[in-house]
Protein chains: 2
Amino acid sequence: MVRPTTPLLSRERIRDAALQLIDDQGLAQFSMRGLARALGVQAPSLYSHYANRDEVLDAVANLLTRQVDTSGFVDGRWRRGVETWARSYRASLAAHPNAVPLVASGAGRREDFLAMSERVHAGLLSAGWPARYATEIAGSVKYLVVGAASTPFASGFADDATVYLERYPALAQAHRLPELAEEIDAESFELGLACLLDGLAARYVDLVGDLNRERA
Amino acid sequence: MVRPTTPLLSRERIRDAALQLIDDQGLAQFSMRGLARALGVQAPSLYSHYANRDEVLDAVANLLTRQVDTSGFVDGRWRRGVETWARSYRASLAAHPNAVPLVASGAGRREDFLAMSERVHAGLLSAGWPARYATEIAGSVKYLVVGAASTPFASGFADDATVYLERYPALAQAHRLPELAEEIDAESFELGLACLLDGLAARYVDLVGDLNRERA
DNA sequence: ACCTGAACACCGTTCAAGT
DNA sequence: ACCTGAACACCGTTCAAGT
């Protein structure tokens, strides 16, 4: 069969198969030839739908950021908005740990990342934050999310934890139980997010005014 | 020449040349054959010094984390310790942006990363933080540092900023001037770090005791 | 012990050719 | 418009062979 009546491939099918392969085998194993094989097709066929490998990977990265929830910025509730955004962003990345490096680098040229940033920025502006602060808040929260997804504690240590016990006594106390790794990841992220937001809330009062005081 | 009297290569020379290549040409362009070429040698020669490509890259990653400053944890001054660590860690990564992905993934199996984590953890313990908090503080600060180095604002947007102006109005206000990118990166990081530490300081008072009150 | 040339099994991508 | 086979210029890595 050279040209089927109904196309074998589509951009969506290729992108979804790519994410599946990355989830299953890791980013390092991903290849255009392997992707073609998984789709029952020859490698050059992919180039009818994507210009090159990087565009396929960009499509995967876009998929992960597309559905991040930025709907929490209502009625000036910036803290709620940031929390919702940060948690859903992290969850989206944590669901595909092998694909995180795709999202972590070169995000700025990707359409869906820019759209997400725009919504967050607008939400912060509408809550009264000055533009420069809005940029920096969005930035620092993004740092926390991407960092948490990139270097989870869970993947951070070798499987045999005993190796650390003698060499790194202080460290060993902390991750004595590898089963706790995911829990520690989640708590580290939540602690960082809560502290960051506490610090921002204090600055908000100085900059924009104490809403509680106004209500009183 | 088949075997010179004095070895042409060493682990250090290979690792340093690898970092230089990554700095100059980017991680995607890095290859064992290109590395050998830069060293005036044939590719298989490298395998007398490193088992494989990943070990070369691990050596580069170790180099970047080795000299991170963890000396600020003295006299229970945990905030100073964290600040010193976070800033020097970020500076070390920012000096080699192309190599950051190496540090961001698989850090836990690398000796120098573990040694750094151990020192930070011990510093937090000595300041009175409970072990679980020490782990999570080290984690959340590391998230901020790695995230900041992975997805800098400066590299985040296309060179022609005008493209954003019409499509993303709120965003465009923020990065109107591309020259500000580095400044915004630094300020976002510092804002995030300061807020995180403010939040932690408040928790420290509840957990460990208010040092100011004790002095009074 | 350290380096080489040849070789193997891969890559990403191009392109003319088919329908 | 969409897919293929053949081809090109690369990879990482192994291994026998040289000193």
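Proteins get letters first, then strands, A, B, ... in listed order; numbering begins at 1 in each.
Geometrically, Arg203(A) does not engage Tyr133(A) in a cation-pi contact defined by less than 6.0 Å to the ring centre and at most 45° from the axis. Both tests do not hold together for Arg80(B) against Phe73(B): distance to the six-membered ring centre under 6.0 Å, angle to the ring axis within 45°.
Heavy-atom minimum distance, Val68(B) versus Arg119(B): O-NH2, 3.8 Å. Of all heavy-atom pairs between Glu111(B) and Asn62(B), the closest is N-OD1, 4.0 Å.
For Ser45(B) and dC2(C), the shortest distance from a side-chain N or O to OP1 or OP2 is not below 4.0 Å.
Between the OH atom of Tyr47(A) and the P atom of dA6(D) there is a distance of 18 Å, given to the nearest Å. For Tyr50(B) and dC2(C), the OH to P distance is 13 Å, given to the nearest whole Å. Atoms NE2 (His49(A)) and P (dT13(C)) sit 16 Å apart, rounded to a whole Å. One can place CD of Gln42(A) at 14 Å from P of dG12(C), the figure rounded to the nearest angstrom. Taking atom CG of residue Leu9(A) and atom P of nucleotide dC2(D), one finds them 10 Å apart after rounding to whole Å. In this structure, CD1 of Ile14(B) is placed 10 Å from P of dC2(C), rounded to the nearest angstrom. Here the P atom of nucleotide dC3(C) and the CZ atom of Arg13(B) are 9 Å apart, to the nearest Å. We find that CG of Asn52(A) is positioned 13 Å from C1' of dT14(C), with the value rounded to whole Å.
Within a 6.0 Å radius of CZ in Arg79(A), more than 12 heavy atoms belonging to other residues, nucleotides or ligands are found. Within a 6.0 Å radius of CZ in Arg77(A), other residues, nucleotides and ligands contribute 12 heavy atoms or fewer.
In the region residues 15-22 of chain B, proximity to DNA chain D at under 4.0 angstrom, judged on heavy atoms, holds for none of the residues. Within a heavy-atom distance below 4.0 Å of DNA chain C, the residues of residues 29-37 of chain B found are Arg33(B).
For the pair Leu39(B)/Ile14(B), a side-chain contact is recorded, criterion being any heavy-atom separation below 4.5 Å from C-beta on. Residues Thr70(B) and Tyr89(B) form no side-chain contact, since every pair of their non-hydrogen atoms from C-beta on lies 4.5 Å or further apart. A 4.5 Å side-chain heavy-atom check between Glu190(B) and Glu187(B) finds every atom pair outside the cut-off.
Secondary structure note: stems in DNA chain D built from 3 or more consecutive Watson-Crick or G-U wobble pairs under 3.5 Å occupy C:4-8 with D:12-16, C:12-16 with D:4-8.
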Quick one, Glu183(A) with Arg132(B), criterion salt bridge (charged side-chain N to carboxylate O under 4.0 Å, His left out). Give me CA distance, side-chain angles, the key distance, then yes/no. CA-CA 11 Å; Glu183(A) 192 178 313; Arg132(B) 182 68 171 250; 3.1 Å; yes

Test side chain to side chain donor-acceptor pair (under 3.5 Å) on His49(B) and Ser10(B) and set out the steps. CA-CA 7 Å; His49(B) 300 269; Ser10(B) 70; over 6 Å; no

